[in-house]
**Student:** 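Structure provided below as structure tokens; questions to follow.
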Amino acid sequence: MAEEAKGDVASETVAAPESMNIEDLMKDPAFMDLFSRQIATFGMQSMAKLVTMHVVIVGLKGLGVEVAKNVILAGPFAVTLVDKEPAAPKHQGANFYVKDSDLGTPLAAACRGELQSLNDRCKVFVADELSEKLVESARCIVFTEGTRAELVKWNKIARKHNCAFVSTNAWGFSGSVFTDFGDKHTMFDSDGLAPSQCRITHISNDEKGLVRVLSAAEGGTTVGKPHKIECNDHTGWVRFAEVEGMHAKDEAAYRKYGLNINETSEPFRCEYVDPHTIKVGDLSGLSEYRGGGLLIQVKRPVDKSYSPLSACLLNKPEQELTDFTKFYRDLHLHIAYQGVYSYMEAHEGAFPPANDDAAAAEVLKLAKAINESAKVMNASCGATVATCVDDLDEEVVLRVARHAAVELQP
């Protein structure tokens, strides 16, 4: 179904362009001015992909409208909003676009006008229902609500159509984000940090090819810094610039390195030796190092495989610890969330009412049962196949249960 009324489009598919030429974008002064800061942060290659994206956002409560606002301001080709729940006074506390005149109007339609006004370059659509055709036309789908069964179902559909899947929620004072970019996702920059650049003090023209960068001891009044290069397949590559000497000795070396080490066609794969030294391999075909030079880190694309939601709900992947005062808190929260999802399944998708002791006790009972089942599963398999903890923190579960229905404005 596709219909148009006052610019408000409900459609099962959105035809986004496959690609955008970077040179054409750079010739557009309005585009370059509007997104100058994003281009400086993301780079033109990422922006060229972003402006062709169609993003579907499910749920336009407080978290959903904040996600939609930020996505639209970023400048994708199109955003489709999906939320047919009628706007009510309770939504006005968290959704800053719902006005009194919008009460009774589906939330997605109520928010569309204000969201569209943020960026005329992004087309904002409203869909009555989420469909497989809509997912197929999208590059990314973001869920800000849904039951466990609904999320698992749409995650499978998104993987089928190579559509990035994000599920996020804000339950009271806690929240979570799940991302799935499929079995093969090419990653160009894992950390967003600027590539390392260090001043070189020595390069050995032998089979090891040891490269030493300026240290505090060698720098005199100039304090040196470690290279900080993680020598893996993604970030463990380097190039050289401004190096004096290190010229090709013969034709074979010329074919391999070019005229000198500064002109190699491919970056060198490096190995860690110490904070100020790396090894780049055989440099015996080059003349001696005479001085100077910069060591410049290169990041190469790598493919990463993501697990589906169903697998991650059963066994939560490890994540980087961000609060060293709360070791393993993420595991207790994961089990608490499973308790809330189980409660929703038993109550037609409804959250446990806020500050309801009986509902919170039911969630705790469900969470305990999930934790014990995981222990039995792990014991029978002889390996950790399901997330569990030795002693579940009941207070964490009860706090999540009491406030899961509460939505704070992000």
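Start at 1 with the first residue, then count along the sequence.
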**Student:** Could you tell me if the side chain of L366 sits less than 4.5 Å from the side chain of Y343, heavy atoms only?
**Tutor:** yes
**Student:** A side-chain contact here means heavy atoms from C-beta on lying under 4.5 Å apart; do L107 and K61 qualify?
**Tutor:** yes
**Student:** Might you work through the salt bridge (Lys or Arg N to Asp or Glu O under 4.0 Å) test for K316 and D330, ending with a clear yes or no?
**Tutor:** CA-CA 9 Å; K316 190 187 86 62; D330 58 315; 2.9 Å; yes
**Student:** Can you check side chain to side chain contact (heavy atoms under 4.5 Å, CB included) on L294 and V243, steps first, answer last?
**Tutor:** CA-CA 7 Å; L294 284 174; V243 174; over 6 Å; no
**Student:** Say you draw a straight line from CE of M246 to CD1 of I261; how long is it, rounded to the nearest 0.5 Å?
**Tutor:** 4.0 Å
**Student:** Any idea which heavy atoms bring G62 and V65 closest together, and the distance?
**Tutor:** O-CG1, 3.3 Å
**Student:** Distance from N95 atom CG to C111 atom SG, nearest 0.5 Å?
**Tutor:** 4.0 Å
**Student:** List in chain and number order the residues that pass salt bridge (charged side-chain N to carboxylate O under 4.0 Å, His left out) with R329, two or more places apart in sequence or in another chain; answer none if no residue qualifies.
**Tutor:** none
**Student:** Would you please test R269 and D233 for salt bridge (Lys or Arg N to Asp or Glu O under 4.0 Å) and show each step?
**Tutor:** CA-CA 8 Å; R269 181 71 161 87; D233 290 340; 2.9 Å; yes
**Student:** Checking H332 side chain against V397 main chain: does a donor-acceptor pair fall under 3.5 Å?
**Tutor:** no
**Student:** In Å, rounded to the nearest 0.5 Å, how long is the span from OG1 of T387 to CD of E318?
**Tutor:** 10.0 Å
**Student:** Measuring only between side-chain heavy atoms, which start at C-beta, is L333 closer than 4.5 Å to V396?
**Tutor:** yes
**Student:** Thinking salt bridges, do K368 and E394 make one under a 4.0 Å N-O criterion?
**Tutor:** yes
**Student:** Atom CD of residue position E345 - does it have more than 12 heavy atoms of other residues, nucleotides or ligands inside 6.0 Å?
**Tutor:** yes
**Student:** Is the backbone N or O of E145 less than 3.5 Å from a side-chain atom of N169, with the two atoms forming a donor-acceptor pair by type?
**Tutor:** no
**Student:** Run the ring pair (Phe, Tyr, Trp, His ring centres under 6.0 Å) check on F77 and H54 step by step: do they pass?
**Tutor:** CA-CA 6 Å; F77 175 79; H54 170 214; 8.1 Å; no
**Student:** List the steps, then state whether side-chain hydrogen bond (donor to acceptor under 3.5 Å, both in side chains) holds for D33 with S36.
**Tutor:** CA-CA 5 Å; D33 181 62; S36 58; 5.3 Å; no
**Student:** Under a 3.5 Å distance rule, please check whether T144 uses its side chain to pair with a backbone N or O of V58 as donor and acceptor.
**Tutor:** yes
**Student:** Do S167 side-chain atoms and F178 backbone N/O form a donor-acceptor pair below 3.5 Å?
**Tutor:** no
**Student:** Hydrogens and angles aside, do Q92 and D100 bring a side-chain donor and acceptor to less than 3.5 Å of each other?
**Tutor:** yes
**Student:** Atom CZ in R255, atom CG in D250: separation rounded to 0.5 Å?
**Tutor:** 8.5 Å
**Student:** Would you say the side chains of E132 and H161 form a donor-acceptor pair under 3.5 Å?
**Tutor:** yes
**Student:** Applying side-chain contact (heavy atoms from CB on, under 4.5 Å) between N262 and each of T264, L259, N260, report the one that passes.
**Tutor:** N260
**Student:** For the residue pair S174 and Y337, confirm or rule out a side-chain donor-acceptor distance under 3.5 Å.
**Tutor:** yes
**Student:** Tell me, yes or no, whether the heavy-atom count around D323 atom CG, taken from other residues, nucleotides or ligands under 6.0 Å, exceeds 12.
**Tutor:** yes
**Student:** Is E271 close to I278 at the side-chain level, that is, under 4.5 Å between some pair of heavy atoms?
**Tutor:** no
**Student:** Does some side-chain heavy atom of L392 sit less than 4.5 Å from a side-chain heavy atom of I335?
**Tutor:** yes
**Student:** Is a donor from one side chain sitting under 3.5 angstrom from an acceptor on the other, for T384 and N378?
**Tutor:** no
**Student:** Carefully, step by step, assess D183 and R159 under the rule salt bridge (Lys or Arg N to Asp or Glu O under 4.0 Å).
**Tutor:** CA-CA 8 Å; D183 292 326; R159 289 178 68 88; 2.4 Å; yes
**Student:** What's the verdict on ring pair (Phe, Tyr, Trp, His ring centres under 6.0 Å) for Y257 and H247, showing C-alpha distance, side-chain angles and the deciding distance?
**Tutor:** CA-CA 9 Å; Y257 304 108; H247 295 281; over 10 Å; no
**Student:** Is it true that S284 and D206 share a donor-acceptor pair across their side chains at a distance under 3.5 Å?
**Tutor:** no
**Student:** Hey, are Q297 and R239 close enough side-chain-wise for a donor-acceptor pair under 3.5 Å?
**Tutor:** no
**Student:** Quick one: does N205's side chain have a donor or acceptor within less than 3.5 Å of a partner on L283's backbone?
**Tutor:** no
**Student:** Are L134 and T80 close enough that some pair of their side-chain heavy atoms sits under 4.5 Å apart?
**Tutor:** yes
**Student:** Crowded around E395 CD? As in, over 12 foreign heavy atoms under 6.0 Å?
**Tutor:** yes
**Student:** What's the shortest heavy-atom distance between T201 and Y289, and which atoms?
**Tutor:** O-CE2, 3.3 Å
**Student:** Could you tell me if the side chain of T168 sits less than 4.5 Å from the side chain of F143, heavy atoms only?
**Tutor:** no
**Student:** Between the side chains of R148 and S342, is a donor N or O closer than 3.5 angstrom to an acceptor N or O?
**Tutor:** yes
**Student:** Can a salt bridge be assigned to the pair K69 and E66 using a cut-off of 4.0 Å between side-chain N and carboxylate O?
**Tutor:** yes
**Student:** Atom NZ of residue position K249 - does it have more than 12 heavy atoms of other residues, nucleotides or ligands inside 6.0 Å?
**Tutor:** yes
**Student:** Say whether, by atom type as modelled, one donor and one acceptor occur between the side chain of Q116 and the main chain of V124 under 3.5 angstrom.
**Tutor:** yes
**Student:** Please determine whether salt bridge (Lys or Arg N to Asp or Glu O under 4.0 Å) holds for the pair R121 and D28, giving the CA-CA distance in whole Å, both sets of side-chain angles, and the decisive distance to 0.1 Å.
**Tutor:** CA-CA 13 Å; R121 286 177 172 267; D28 184 345; 3.2 Å; yes
**Student:** Can a donor-acceptor pair be found, under 3.5 Å and without considering hydrogens, that links the side chain of H91 to the backbone of A87?
**Tutor:** no
**Student:** Is D282 salt-bridged to K208, going by a charged N under 4.0 Å from an acidic O?
**Tutor:** no
**Student:** Evaluate whether atom NZ of K299 has more than 12 neighbouring non-hydrogen atoms of other residues, nucleotides or ligands under 6.0 angstrom away.
**Tutor:** yes
**Student:** Classify the ring geometry of F324 against F327: parallel below 30°, tilted from 30° to 60°, perpendicular beyond 60°.
**Tutor:** perpendicular
**Student:** So, D102 versus T105: side-chain donor-acceptor pair below 3.5 Å or not?
**Tutor:** no
**Student:** Under 4.0 Å between a Lys/Arg side-chain N and an Asp/Glu carboxylate O for K375 and E372?
**Tutor:** yes
**Student:** Can you name the closest pair of heavy atoms from C163 and A138 and give their distance?
**Tutor:** SG-O, 3.7 Å
**Student:** Using only atom types and a distance under 3.5 Å, with no angle test, would you say the side chain of H347 pairs donor to acceptor with the backbone of G349?
**Tutor:** no
**Student:** Are E266 and K256 close enough for a salt bridge, meaning some N to O gap below 4.0 Å?
**Tutor:** no
**Student:** Just so I know, are the side chains of V56 and V79 near enough to count as touching, which here means a heavy-atom distance under 4.5 Å?
**Tutor:** no
**Student:** Measure the SG-CD1 distance between C198 and I229 for me, rounded to the nearest 0.5 Å.
**Tutor:** 6.5 Å
**Student:** Taking the six-membered ring for Trp, are Y341 and W171 ring centroids under 6.0 Å apart?
**Tutor:** yes
**Student:** Does the H334 side chain pair with the main chain of L313, one donor and one acceptor, at a distance under 3.5 Å?
**Tutor:** yes
**Student:** Could you check whether T277 and R212, counting side-chain N and O atoms only, form a donor-acceptor pair closer than 3.5 Å?
**Tutor:** yes
**Student:** Is the number of heavy atoms from other residues, nucleotides or ligands under 6.0 Å of M32 CE greater than 12?
**Tutor:** yes
